[in-house]
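Beneath this line is the structure, given in structure tokens, with notes to follow.
These numbers come from a predicted model, not from an experiment.
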Amino acid sequence: MTTNSTHAANAPLSQDEAQVRSAIYSFSALADQSAFEYLGTLFANQVSLDYTELFGGEVHTISNQALMQQWAGFLPGFDTTFHELSNMRVVMEQGETDWHSAQVTVDFTASHWLGDSGFWAISGVYQFTLSKVDGHWAISHVKLFAKNESGSREVLAKVDTLAAKKLAAKRQLLVNID
């Protein structure tokens, strides 16, 4: 059974749909905050990534740990990133007893700043597939559909050398709750 869970503004969400939506909103917020240890918990052990519309190449499957290491070696190199999400659409698929998968599409603009003049932004649509395993919704597939781009991709070549130092500085600001 499949149901489109895009709902009216006043209609209450099911707990499962709320968890799915929270995972997708957290995806962007945690990436922007360089919180890769938490971001990694949103993903299945193996993730299929399709950024071919943006960077070419092929769709590939990667472990969540390797993906977080990859993003940690890149995203913190920017001074600021902001992944803005809007117009989320959720389609939940039900198994015999409960929800077991979800398809989510969301419009996005991902903006990246470096220094006074370094800027690059990409906008389009993300398509996510999430699966429910042991009561936890995990992202198993990400596909990016590129629509618009502004600024210059030249900033992308500069951030990998800055990422480790900037990530270490951000980690110095963490609050220890132990």
Side-chain angles (χ1 to χ4, degrees), residues 19-86 88 102 104 106-131 133-134 136-146 149-178:
Q19 290 171 352
V20 166
R21 288 174 175 272
S22 179
I24 301 305
Y25 284 122
S26 295
F27 163 81
S28 64
L30 294 171
D32 289 337
Q33 296 301 315
S34 299
F36 301 106
E37 293 85 353
Y38 293 100
L39 180 58
T41 67
L42 300 176
F43 289 88
N45 290 336
Q46 295 292 310
V47 183
S48 170
L49 291 179
D50 184 349
Y51 285 4
T52 56
E53 280 199 19
L54 182 59
F55 296 118
E58 298 180 9
V59 177
H60 64 282
T61 300
I62 188 170
S63 73
N64 60 1
Q65 182 178 14
L67 179 60
M68 292 308 104
Q69 290 169 337
Q70 189 178 86
W71 286 352
F74 174 73
L75 286 174
F78 292 101
D79 296 330
T80 304
T81 63
F82 180 57
H83 292 74
E84 183 174 18
L85 306 180
S86 63
M88 187 180 300
V104 178
V106 62
D107 298 335
F108 77 92
T109 299
S111 300
H112 307 76
W113 291 267
L114 181 63
D116 293 334
S117 59
F119 176 77
W120 176 66
I122 180 71
S123 63
V125 175
Y126 268 123
Q127 182 180 63
F128 297 92
T129 301
L130 293 88
S131 300
V133 179
D134 296 328
H136 172 74
W137 286 97
I139 299 168
S140 57
H141 179 78
V142 180
K143 181 174 176 75
L144 182 147
F145 296 93
E149 200 169 342
S150 60
S152 173
R153 285 190 184 193
E154 290 178 17
V155 299
L156 301 176
K158 300 175 184 177
V159 295
D160 60 342
T161 59
L162 304 170
K165 184 177 179 181
K166 288 184 176 187
L167 182 57
K170 286 182 179 186
R171 288 194 168 157
Q172 292 296 315
L173 300 174
L174 292 176
V175 176
N176 186 348
I177 59 170
D178 292 330

Side chains of [X] and [Y]: closer than 4.5 Å at any heavy-atom pair?
X: R21; Y: L85; value: no
X: L144; Y: F108; value: yes
X: F78; Y: L156; value: yes
X: F36; Y: P76; value: yes
X: I139; Y: I24; value: yes

With rounding to the nearest 0.5 Å, note down the distance linking [atom1] in [X] to [atom2] in [Y].
X: H83; Y: T109; atom1: NE2; atom2: OG1; result: 10.0 Å
X: D50; Y: F55; atom1: CG; atom2: CZ; result: 12.0 Å
X: I62; Y: Q70; atom1: CD1; atom2: CD; result: 4.5 Å
X: L49; Y: K143; atom1: CG; atom2: NZ; result: 11.5 Å
X: K170; Y: Q172; atom1: NZ; atom2: CD; result: 13.5 Å
X: T81; Y: H112; atom1: OG1; atom2: NE2; result: 6.0 Å

Result of checking L30, L130, V47, N64 against L42 for side-chain contact (heavy atoms from CB on, under 4.5 Å): L30
Tell me the closest heavy-atom pair linking L54 and R153, and the distance in Å. O-NH2, 2.9 Å
Identify the two heavy atoms, one from H141 and one from S48, that lie closest to each other, and give their separation to 0.1 Å. ND1-OG, 3.0 Å
For the backbone of [Y] and the side chain of [X], can you confirm whether one donor and one acceptor N or O come within less than 3.5 Å of each other?
X: K166; Y: G77; value: yes
X: E53; Y: A146; value: yes
X: S111; Y: A121; value: no
X: H136; Y: T41; value: yes

[X] atom [atom1], neighbour heavy-atom count above 12 within 6.0 Å:
X: Q33; atom1: CD; value: no
X: Q65; atom1: CD; value: no
X: Y38; atom1: OH; value: no

Over 60° means perpendicular and under 30° means parallel, so tell me whether Y126 and Y51 are parallel, tilted or perpendicular. tilted
What is the ring orientation for F128 with F27, classed by angle as parallel under 30°, tilted 30 to 60°, or perpendicular over 60°? perpendicular
Polar contact flag, side-chain donor to acceptor under 3.5 angstrom, W120-E154: no
